[in-house]
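A quick write-up on the structure given underneath.
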Amino acid sequence: MRRAIFPGSFDPLTNGHLDIIKRSLPLFDEIIIAVLNNPEKKPLFSVEERCVMIREILPEIENDKCRLTVDSFEGLTADFAKRSGANAIVRGIRAISDYEYELRMALMNRRLEPTIETVFLMAAEEYSYVSSNLMKQVFMLGGRVEGLVPELVEAKMREKLQ
Ligand code: PNS
């Protein structure tokens, strides 16, 4: 059983995240999208809202070879991965600028849980500049983000704005 977690804030889920999940599907039997509950941050969407949104979107990309589930967690990603029985942590890399931060996290997570490997996947070029923070900023200032976030996310962002 090859089980991975894909951890992140997902505030909100972008098409870049979906691209990484799609690329992970052939590699694992189960992927848990693990939404971090970080009480120190003031998110746009609550953890519950993020989980519900992701659960609604996943059937668009699901196949019968890999089970996709959504869960939230607090604390260390390595602990959550261990608790979930995962043997891998999936992370997406968009550009070389992501690498240093991701490398530090991967090495720390490996030190914390030596049996769990981090697997890096390269996001599609068209999403190389897409981040949740950029999407929120542009949208809140009246810019268009269609094609960069799922339609449901765009609709929920519009609701927040009103
Ligand atoms: O994609 P994001 O939002 O930048 O995700 C970052 C995330 C959630 C993967 C990272 O902040 C994390 O793992 N946080 C949990 C706390 C933790 O384990 N910190 C040590 C990482 S080495």
Side-chain angles (χ1 to χ4, degrees), residues 2-25 27-28 30-58 61 68-140 145 147-150 152-154 156-157 160:
R2 296 160 306 158
R3 182 182 289 135
I5 67 161
F6 179 36
S9 307
F10 303 108
D11 185 41
L13 182 88
T14 68
N15 283 348
H17 292 128
L18 271 187
D19 178 65
I20 295 296
I21 300 170
K22 276 189 215 163
R23 289 172 196 281
S24 312
L25 290 176
L27 306 178
F28 300 101
E30 181 177 355
I31 302 165
I32 304 168
I33 320 303
V35 180
L36 176 69
N37 185 4
N38 185 351
E40 283 164 28
K41 277 198 184 168
K42 271 203 96 199
L44 177 63
F45 294 102
S46 71
V47 172
E48 291 70 32
E49 286 173 322
R50 280 176 263 164
C51 289
V52 168
M53 257 193 284
I54 299 170
R55 280 193 194 104
E56 271 187 54
I57 292 162
L58 287 184
I61 62 160
L68 286 175
T69 58
V70 183
D71 204 351
S72 62
F73 73 103
E74 279 182 38
L76 289 172
T77 293
D79 286 347
F80 178 76
K82 175 92 174 167
R83 267 202 315 279
S84 309
N87 30 44
I89 297 171
V90 169
R91 291 288 292 169
I93 297 230
R94 292 163 296 193
I96 196 74
S97 49
D98 284 338
Y99 178 73
E100 223 174 294
Y101 168 65
E102 293 295 336
L103 176 68
R104 269 186 281 136
M105 274 209 300
L107 293 177
M108 191 64 217
N109 283 331
R110 191 160 69 188
R111 189 187 168 97
L112 293 167
E113 280 304 334
T115 59
I116 299 174
E117 284 297 337
T118 296
V119 175
F120 291 124
L121 296 174
M122 310 309 147
E125 298 92 295
E126 69 245 53
Y127 303 127
S128 60
Y129 61 95
V130 174
S131 70
S132 300
N133 284 340
L134 191 63
M135 295 305 102
K136 281 186 282 192
Q137 191 189 97
V138 169
F139 190 82
M140 294 306 164
V145 294
L148 303 179
V149 298
L152 177 75
V153 168
E154 206 184 330
K156 296 283 178 193
M157 284 167 98
K160 286 275 174 196

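Values reported hereafter were calculated over all heavy atoms of this structure, with side chains retained and with hydrogens, waters and symmetry mates removed. All ligand and atom numbering here is 1-based and tracks the order in the structure. Only a predicted model underlies this, so the values are computations on that prediction, with no experimental measurement involved.
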- [ ] Kindly determine whether Lys156 and Glu56 satisfy salt bridge (charged side-chain N to carboxylate O under 4.0 Å, His left out), including the steps that lead there.
- [x] CA-CA 12 Å; Lys156 296 283 178 193; Glu56 271 187 54; 5.5 Å; no

TODO: Can you tell me which residue pairs pass the side chain to side chain donor-acceptor pair (under 3.5 Å) test with a partner in residues 115-127, sequence neighbours excluded?
DONE: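 Listed by first then second residue: nothing to list.
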
Task: Side-chain (Lys136) to main-chain (Asp11) donor-acceptor, under 3.5 angstrom - done: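 Yes, because the side chain of Lys136 sits within donor-acceptor range (under 3.5 Å) of the backbone of Asp11.
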
Open item on the list: Determine whether a donor-acceptor pair (N or O, by modelled atom type, separation under 3.5 Å) exists between the side chain of Arg2 and the backbone of Ile31.
Closed with: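 Here the side-chain-to-backbone pair does not exist.
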
Open item on the list: My understanding is that only residues two or more places apart in sequence, or in another chain, count here; which of them pass side chain to side chain donor-acceptor pair (under 3.5 Å) with Arg23?
Closed with: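 For Arg23 the side chain to side chain donor-acceptor pair (under 3.5 Å) partners, ignoring immediate neighbours, are Asp19.
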
- [ ] Identify, with sequence neighbours excluded, every residue that meets side chain to side chain donor-acceptor pair (under 3.5 Å) alongside Glu113.
- [x]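 Per chain and number, Glu113 pairs via side chain to side chain donor-acceptor pair (under 3.5 Å) with no residue.
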
Report every pair formed by an N or O atom of ligand 1 and a protein N or O atom separated by less than 3.5 Å, giving atom names and the distance to 0.1 Å.
unit_1	atom_1	unit_2	atom_2	d
ligand 1	1 (O)	Arg91	NH1	3.1
ligand 1	1 (O)	Arg91	NH2	3.3
ligand 1	3 (O)	Ser9	N	3.0
ligand 1	3 (O)	Ser9	OG	2.7
ligand 1	5 (O)	Arg91	NH1	3.4
ligand 1	13 (O)	Thr77	OG1	2.5
ligand 1	18 (O)	Thr77	N	2.9

